[in-house]
Amino acid sequence: MQISTRTGPRILAILGPTNTGKTHLAMERMLAHTSGMIGFPLRLLARENYDRAVARVGKGAVALITGEERILPKSARYFLCTVEAMPINKQVDFLAIDEIQMCADPERGHVFTDRLLHARGMSETMFMGAETIRPVIRQLIDNVEFDTRARFSTLTYNGSKKIQRLPSQSAVVTFSAQEVYAVAELVRRQKGGAAVVLGALSPRTRNAQVEMFQNGEVEHLIATDAIGMGLNLELNHVAFAALHKFDGQFNRGLSAAETAQIAGRAGRHMNDGTFGVTGNLSGIDPDIIEQIEAHEFEPLAKVFWRNARLDFRTVDALQKSLRKRSDNPTLVLAREPVDEVMLAHLAQNEDVARIASAPDRVQLLWEVCQIPDFRNIHTDAHPRLLTSIYRYLAKPNSKLPVDWLGEQVLRLDRYDGDIDQLSSRLAGIRVWTYVSHKHHWLEDANHWQERTRAIEDKLSDVLHERLTQRFVDRRTSVLLKSLKDKSELMSTITANGEVQVEGEYVGRLEGFRFIADETDAAFEGKAIASAARRALTGEIAQRVKQLETDEDDKFAVNGQLEVLWNGAVVGGLKKGDTVLSPDVQVIDSEFFDGPTRERVRTRLQNFVNAHIEARLKMLTRLRDCQLPGPIRGLLFQLNEGLGCVPRADLESLIKDLSDEDRKALAKLGVRLGVETVHVLDALKPDPVELRGILWAISRELDALPELPPAGRTSVPNDRSNSKGFYLAAGYMPVGPLAARVDMLERFAALLRQKARENDGKVKPDPDLLSLLGCTVEQAEGVFTALGWRAEVVKVSKAELDAKEAAKKAAEPVAVAADGPTETEAPAEVAEEAPAETAEEVSKTTTEAAPEAGEAEAEPEFVEVKYFVRVDRRKRGGPSGKGQRGGPRQDARGKGAPKGKGGQRPNRGGPNKGDDRSGGRQGRPNNAPAKNNQINEDSPFAKLKEMLAAKG
């Protein structure tokens with residue numbers, strides 16, 4: 001059907017691309033009338049023009065009406081509204097609808113079409129929008145005057161740019177909250193900060209974000225297509241990070257006209273603008289680019305529409321009237337809007353269907369279903385809420401219960417949580433702000449409007465703060481603003497070394513190095529860096545003077561081979577001419593010239609030399625003493641080994657030492673051990689750490705490996721550490737362990753002593769284990785490393801028990817650890833022959849022997865592991881093969897023949913021809929000795945003779 005209109009009032013259609021001044025013209029025309037009303041597509045845009053009107057005619061004359069924000073002075077003459085919230089029954093002289101091409105929007109188009117068809121001013125009506133809507137307006141409305149406006153500036157495509165290369169005053173556009181936040185996070189890291197604008201934000205939050213961008217606190221805006229609907233921003237460039245959007249039902253690509261609507265926000269008034277792509281997009285279709293730059297788009301042929309004459313007799317009748325189609329082919333039935341979805345959902349509820357039995361109840365149900373779902377969570381939470389509201393309101397003369405409403409609002413009166421939690425609460429309170437403006441639903445509507453508005457404002461402010469904290473570097477904002485306002489920035493340095501520019505922290509001064517603040521933003525540029533340098537140059541000069549005059553206690557060296565001054569790294573240690581004289585390398589600093597660097601190096605070198613002299617005096621005196629001959633070479637190698645060298649490496653020098661040389665070494669604190677030659681005083685913890693550092697420097701390492709803990713006599717031998725490292729730390733690798741050299745020498749000495757006492761055989765007993773603090777298995781590995789080999793011998797259990805008894809009996813005359821006391825026998829007495837003790841043992845054992853006539857038990861044998869010294873000298877025997885035994889002197893005995901080829905002496909002394917095996921004849925001298933032959937001088941031999949005689 002053809003829509004007829006009145007012929008009296010003037011109807012204008014002001015059409016054209018963005019930045020043509022259409023909205024400005026409408027505002028001027030409205031304020032020229034005594035009353036007026038304009039419907040905007042966005043709450044943010046309505047608020048912006050409300051503020052502009054208030055500035056012109058005063059607050060009492062202007063009203064703001066949106067879904068959840070209403071400012072209605074009693075004397076209001078001008079009404080700035082969202083299109084949905086326009087009180088179209090109110091008569092005003094001037095009425096206008098902005099962005100009228102939104103009639104073709106799938107979600108909201110039917111509302112704009114309704115205003116196009118039915119909203120009129122008494123004197124003048126104006127529709128502002130894109131040129132594409134011209135055929136629809138001409139077809140639907142009679143007597144329309146068309147006025148085409150040209151864009152004030154040009155709009156040019158400039159291709160793809162990475163986010164870090166976007167120009168200042170740029171907007172990045174994408175189409176979901178998650179994508180907006182992700183891009184904003186990236187821009188913060190790359191460019192210092194960004195403001196965000198989403199349709200889901202409250203007007204107050206969006207206003208605060210836009211203001212931050214407009215004030216120059218940030219140079220980039222990340223937004224959805226919300227900025228495409230008339231927001232007046234100082235944009236130079238619009239970059240699309242996405243070209244597809246979800247329109248409520250489908251994920252579809254943007255049309256050329258929609259792309260132009262967003263891109264057209266670049267360039268304001270006479271300033272030209274550019275648009276392009278960023279992120280993962282490579283470009284825009286060339287045909288679309290051509291249409292945007294020429295502002296020529298395919299005209300609209302259809303718009304969305306919904307029947308405004310509703311039937312409230314029953315719920316079914318209401319739904320049928322909503323789904324009624326128009327006879328005009330230009331008017332297409334709207335997709336099922338959210339309010340119709342809610343109506344269908346509530347109509348399935350038995351209680352609701354029972355209550356909605358009369359026209360007034362059906363009309364109330366429709367009014368409740370139009371409460372916006374600001375949360376947009378796509379669950380049954382919103383329908384449940386609407387059901388509860390409807391049940392309360394459907395009772396006769398009923399309003400929403402105060403307690404229930406207070407509980408719902410109180411649940412949202414919280415300001416903790418992250419951005420998503422705050423956004424959810426903000427969306428929830430906006431629902432109640434909308435409800436609070438339904439005066440006939442509430443007992444005290446004004447109270448609830450104030451309370452919900454206060455909570456919404458507080459949540460909006462907190463959300464703005466959270467967005468700013470997450471996506472904006474506050475320091476960036478201040479410095480960028482200062483850069484715009486000043487040609488030179490003021491910089492200072494605090495007492496603790498913090499460097500500030502315009503009062504904002506930009507880094508710290510550590511020693512002579514400027515450490516910039518840890519941020520990924522590359523916003524500072526040359527101006528801020530230059531301002532920091534101006535403050536630092538004078539400070540560096542003062543610090544160099546201070547370094548030259550400070551005492552040595554202000555300096556230190558650490559395990560990273562660095563030189564510290566007041567805890568800050570000022571230099572590094574490098575390999576020098578000798579291990580005890582490393583060189584100092586000053587750290588790189590942009591504030592040093594040649595002479596300054598040399599002054600610092602000289603002071604640090606003096607400290608290092610003095611530090612080594614003071615803590616390693618026991619080594620430096622070896623270097624400085626003037627001694628001739630072999631001792632001089634030995635001291636040189638001992639210095640290069642940092643006070644500890646394996647004896648095998650110095651054996652050729654040691655054998656040439658005279659008695660005088662040995663005395664001189666003793667005076668210097670040098671110990672000639674069996675395993676190592678070492679300086680005893682160098683084993684203390686303080687010298688050990690410095691020795692390790694010097695060793696690492698001499699090997700040109702990056703850091704000192706972990707030293708053995710102080711006080712440990714041995715540590716596990718970590719094969720990743722070199723032998724030289726352990727020696728520098730005062731330890732000697734021996735098998736599975738690295739043993740401290742002084743304790744290793746004591747261990748080796750005790751080992752030899754026990755071998756002499758036990759016919760060349762040694763077992764790992766507690767005395768030995770305690771010296772190295774090791775296990776039996778570890779001690780056996782040490783034995784092997786020191787040149788001892790394991791032998792397993794079968795020994796009579798009775799013989800072993802007798803040995804143990806003898807050992808216990810000998811304990812009262814043993815030598816104490818610190819030397820003999822007045823009541824103890826000298827060591828020589830205990831070692832030579834405890835004859836009386838042996839006789840007592842023999843007597844005790846004899847008494848325990850079986851009586852005559854008793855059957856003699858079969859002797860019981862056990863295997864015992866001993867360790868014997870490996871003798872590298874070969875000895876001749878009957879077979880001509882070399883034999884290896886225990887210590888040479890003990891094995892040979894006094895007066896035994898020496899030399900090769902001689903008969904091997906009997907370990908028990910001269911062969912007396914006695915029967916030692918129960919009647920067997922003695923062996924000839926040239927017969928091989930048995931492994932388990934008993935020394936005839938021992939008490940065990942006498943015991944055996946007595947047992948044999950008795951048996």
Side-chain angles (χ1 to χ4, degrees), residues 65-70 72 82 84-85 87 89 202 310-319 321-322 336-414 424-459:
I65 305 176
T66 67
E68 69 277 10
E69 187 175 21
R70 291 177 179 247
L72 286 169
T82 52
E84 286 86 348
N89 294 328
S202 68
L310 302 180
D311 185 350
F312 293 111
R313 290 177 298 170
T314 64
V315 174
D316 287 342
L318 173 60
Q319 291 177 310
S321 64
L322 288 168
E336 194 172 33
V338 176
D339 50 8
E340 291 187 42
V341 173
M342 292 297 105
L343 177 63
H345 199 291
L346 266 64
Q348 295 176 359
N349 185 290
E350 294 181 0
D351 289 343
V352 172
R354 178 175 47 79
I355 295 172
S357 58
D360 59 332
R361 300 288 181 84
V362 174
Q363 190 169 0
L364 174 63
L365 177 62
W366 177 237
E367 189 177 1
V368 169
C369 289
Q370 290 180 296
I371 297 175
D373 182 13
F374 293 110
R375 292 170 293 182
N376 196 27
I377 53 180
H378 304 292
T379 66
D380 60 351
H382 191 63
R384 287 202 309 270
L385 176 62
L386 299 187
T387 300
S388 298
I389 292 175
Y390 181 68
R391 283 172 174 167
Y392 285 126
L393 295 177
K395 297 176 182 178
N397 302 318
S398 182
K399 297 181 184 293
L400 293 178
V402 173
D403 293 343
W404 178 79
L405 182 57
E407 182 182 346
Q408 303 299 315
V409 172
L410 182 63
R411 192 181 305 162
L412 301 170
D413 191 9
R414 289 179 51 195
S424 177
R425 291 188 205 120
L426 185 55
I429 200 64
R430 288 173 67 189
V431 171
W432 295 111
T433 303
Y434 178 93
V435 170
S436 70
H437 287 88
K438 299 289 187 179
H439 289 265
H440 54 293
W441 289 1
L442 306 171
E443 287 289 352
D444 187 354
N446 291 333
H447 164 75
W448 291 110
Q449 287 172 18
E450 292 175 1
R451 184 172 178 187
T452 56
R453 187 48 185 245
I455 296 174
E456 180 181 338
D457 288 349
K458 182 65 180 295
L459 282 169

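It should be emphasised that the depicted structure is a prediction, and the values quoted were computed from it without experimental measurement.
Considering every non-hydrogen atom in both H439 and K399, the closest pair reads O-NZ, 4.2 Å. Counting all heavy atoms, side chain and backbone alike, C369 lies closest to L346 at SG-CD2, 4.2 Å. Heavy atoms only, all atoms of each residue included: V362 and V315 are closest at CG2-N, 3.9 Å. Nearest heavy-atom pair, M342 versus P383, reported as atom, atom and distance to 0.1 Å: SD-CG, 3.9 Å. Heavy-atom minimum distance, I455 versus L412: CG2-O, 4.0 Å. Contact detail for P372 and H382: the closest heavy-atom pair is O-CE1, 3.5 Å.
Remark: Q363 CD to L318 CG distance equals 9.5 Å, nearest 0.5 Å. Rounded to the nearest 0.5 Å, atoms OG1 (T452) and CG (D457) are 9.5 Å apart. Atom CD of Q449 sits about 8.5 Å away from atom CZ of R70, to the nearest 0.5 Å. Going from atom CD of E84 over to atom CD1 of I65 covers 13.5 Å, rounded to the nearest 0.5 Å. Going from atom NE2 of H447 over to atom CG of L442 covers 10.0 Å, rounded to the nearest 0.5 Å. For the atom pair OG of S388 and CG of L405, the computed distance is 12.0 Å after rounding to the nearest 0.5 Å.
Aromatic ring centroids of W432 and W441 lie 6.0 Å or more apart.
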E336 and L343: CA distance, side-chain angles, deciding distance, side-chain contact (heavy atoms from CB on, under 4.5 Å) verdict: CA-CA 11 Å; E336 194 172 33; L343 177 63; over 6 Å; no
Steps toward side-chain contact (heavy atoms from CB on, under 4.5 Å) verdict (N349, R391): CA-CA 11 Å; N349 185 290; R391 283 172 174 167; 3.7 Å; yes
Salt bridge (charged side-chain N to carboxylate O under 4.0 Å, His left out) between E407 and R411, intermediate numbers included: CA-CA 6 Å; E407 182 182 346; R411 192 181 305 162; 3.7 Å; yes
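A 4.5 Å side-chain heavy-atom check between R430 and E456 finds at least one atom pair inside the cut-off. Between V409 and W448, some side-chain heavy-atom pair lies under the 4.5 Å cut-off. For the pair F312 and L364, the minimum side-chain heavy-atom distance is 4.5 Å or more. Side-chain contact between T66 and H437 is absent, with no heavy atoms from C-beta onward closer than 4.5 Å.
Side chain of Q370 to main chain of D339: no donor-acceptor pair is present (N/O by atom type, distance under 3.5 Å, no hydrogens or angles).
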